[in-house]
**Q** 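Starting off with a structure, shown below.
Numbering of ligands and ligand atoms starts at 1, following listing order.
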Amino acid sequence: MKITNLGSRDYASFYVACELFKQMSQQSHSKLGLATGGTMVDVYAFLVDLLKKNQLDVSGIETFNLDEYVGLSASHEQSYHRYMNDILFERYPYFTQSLIHVPNGDADDLAAETKRYEDLINQQGPVDIQILGIGENGHIGFNEPGTDMNSTTQVVNLTESTINANSRYFDNEDEVPKQAVSMGLASILKAKRIILLAFGEKKRAAIEQLAKNEVDKQVPATILHAHPDVEIYVDDEAAPRF
Ligand code: GLP
């Protein structure tokens, strides 16, 4: 695992957008593991620019999103499905709908939904590049501290820290869903290549934990040490200070 400070959010976002674009242009049937959150906003903006400028054929690209809030429909303003539509799939509307996968947090039978999603990853995967953000408490996807290293797609209870951090996207904290459907840590590790991004001072503590080179169940992202191909890009503020 290599942690690289690319200086700014802009530089790092553009770099990662280029990596995704390169993957897609070199292999027209690439499989991408996609993430949401504030961290990814500029990555997708740069990616859409690159796709448009080059009119890339994305009809064979298959995407798998990491997670979704329980109880929010795909069209809900704060759902991750809506985020993806708003930020990528509707801005470059040439993806094949049936190849876009986001867990359904609004499914009647969530246990069946988690199984369906994990089966999909196993049957259609592995993904070529998985991009990841990181929670202030070191979560990846919605895998909170203490998550089993062998976890697959499951329903998770969000911690106070995550509910509080994510409340900035909702009108108030009460509206933040308390559960999510998330790919598990083992599901994430199935990707061939993983790129994690972290920006801002609030993420520095989590990145410093990663820099220690030890797997710690209380910092879920440290499981990435068990993967052979992980790159981490940060800005000045999130770069380790020791
Ligand atoms: C959220 C998401 C993660 C995301 C992280 C950071 O809870 N489930 O996939 O990486 O927290 O979010 P942000 O980029 O908004 O700081």
**Q** So which atom in Asp229 and which in Glu231 form the shortest heavy-atom distance, rounded to 0.1 Å?
**A**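 It is OD1-OE2, 3.9 Å.
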
**Q** Closest heavy-atom contact between Ile131 and Ala35?
**A**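 Result for this residue pair: O-CB, 3.4 Å.
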
**Q** Quick check on the hydrophobic clustering: are Phe89 and Leu47 connected, directly or via other members, by side-chain heavy-atom contacts under 4.5 Å?
**A**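 Same cluster: Phe89 reaches Leu47 through Ile, Leu, Val, Met, Phe, Trp or Tyr contacts under 4.5 Å.
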
**Q** Of all the non-hydrogen atoms in the protein, which one sits nearest to atom 6 (C) of ligand 1, and at what distance?
**A**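 Going by distance alone, atom 6 (C) of ligand 1 is nearest to Ile134 O, 3.5 Å.
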
**Q** Just to check, does Arg168 reach to within less than 4.0 Å of ligand 1 when the distance is taken from its heavy atoms?
**A**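 Yes, Arg168 has heavy atoms under 4.0 Å from ligand 1.
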
**Q** Between ligand 1 and Phe199, can you find any atom pair, the residue atom being a heavy atom, that is separated by under 4.0 Å?
**A**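 The answer is no, since Phe199 has no heavy atom less than 4.0 Å from ligand 1.
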
**Q** Is there a heavy atom in Glu136 that sits closer than 4.0 Å to ligand 1?
**A**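 Per 4.0 Å heavy-atom rule, Glu136 does not contact ligand 1.
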
**Q** Can you pull out the closest protein heavy atom to atom 14 (O) of ligand 1? Residue, atom name and distance to 0.1 Å, please.
**A**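 Result for atom 14 (O) of ligand 1: Thr39 OG1, 2.4 Å.
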
**Q** Quick check for you: to the nearest 0.5 Å, what is the distance between Leu34 atom CG and Phe64 atom CZ?
**A**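 Reported value, rounded in 0.5 Å steps: 10.0 Å.
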
**Q** Closest non-hydrogen protein atom to atom 5 (C) of ligand 1, residue and atom name please, with distance?
**A**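 The closest one turns out to be His139 NE2, 3.6 Å.
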
**Q** Identify the protein heavy atom lying closest to atom 4 (C) of ligand 1, giving its residue, its atom name and the separation to 0.1 Å.
**A**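 Looking at atom 4 (C) of ligand 1, the protein heavy atom closest to it is Thr36 O, 4.2 Å.
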
**Q** Less than 4.0 Å between a side-chain N and a carboxylate O, is that true for Glu237 and Lys202?
**A**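 Not counted as a salt bridge, because no side-chain N and carboxylate O are separated by less than 4.0 Å.
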
**Q** Is any N or O atom of Gly38, backbone or side chain, closer than 3.5 Å to an N or O atom of ligand 1?
**A**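 Checking ligand 1 against Gly38, an N or O pair does fall under 3.5 Å apart.
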
**Q** Can Gly141 be said to touch ligand 1, with heavy atoms closer than 4.0 Å?
**A**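 Contact check Gly141 vs ligand 1: positive.
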
**Q** Give the numbers and elements of all ligand 1 atoms closer than 4.0 Å to a heavy atom of Gly37.
**A**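 Here the atoms of ligand 1 in question are 14 (O), 15 (O).
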
**Q** Would you give the length of the straight line joining atom NZ of Lys31 to atom CD1 of Ile129, rounded to the nearest 0.5 angstrom?
**A**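 It comes to 14.0 Å.
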
**Q** Show, in sequence, the C-alpha distance, side-chain angles and deciding distance for Asp42 and Arg9, and conclude whether the side-chain contact (heavy atoms from CB on, under 4.5 Å) test is met.
**A** CA-CA 8 Å; Asp42 294 343; Arg9 167 189 281 263; 3.1 Å; yes

**Q** State yes or no: do Leu197 and Leu88 share one hydrophobic cluster built from I, L, V, M, F, W and Y residues joined by side-chain heavy-atom distances below 4.5 Å, directly or via other members?
**A**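 Linked, Leu197 and Leu88 end up in one cluster.
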
**Q** If you measure every N or O of Tyr169 against every N or O of ligand 1, does any of those distances drop under 3.5 Å?
**A**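 In this structure, Tyr169 places an N or O atom under 3.5 Å from an N or O of ligand 1.
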
**Q** Heavy-atom contacts with Asn166 under 4.0 Å: which atoms of ligand 1 show up? List them by number with element.
**A**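 In order of number, 1 (C), 7 (O).
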
**Q** Among all protein heavy atoms, pick out the one at the shortest distance from atom 2 (C) of ligand 1; state its residue, atom name and that distance to 0.1 Å.
**A**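 Closest protein heavy atom to atom 2 (C) of ligand 1: Tyr80 OH, 3.5 Å.
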
**Q** Report, in ascending order of atom number, the atoms of ligand 1 lying under 4.0 Å from any heavy atom of Gly133.
**A**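 Those of ligand 1 that fall under 4.0 Å from Gly133 are 10 (O).
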
**Q** Whether Arg82 and Asp86 form a salt bridge (side-chain N of Lys/Arg under 4.0 Å from carboxylate O of Asp/Glu) is what I want to check.
**A**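 Counted as a salt bridge, because a side-chain N and a carboxylate O are separated by less than 4.0 Å.
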
**Q** Please verify whether a non-hydrogen atom of Lys203 lies at under 4.0 Å from ligand 1.
**A**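 It does; at least one heavy atom falls under 4.0 Å.
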
**Q** Are Glu118 and Lys190 within salt-bridge range, i.e. N to O under 4.0 Å?
**A**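 Salt bridge between Glu118 and Lys190, a charged N being under 4.0 Å from a carboxylate O: yes.
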
**Q** Starting from atom 8 (N) of ligand 1, what is the nearest protein heavy atom, named by residue and atom, and what distance separates them?
**A**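 So the nearest neighbour among protein heavy atoms is Asp67 OD2, 2.8 Å.
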
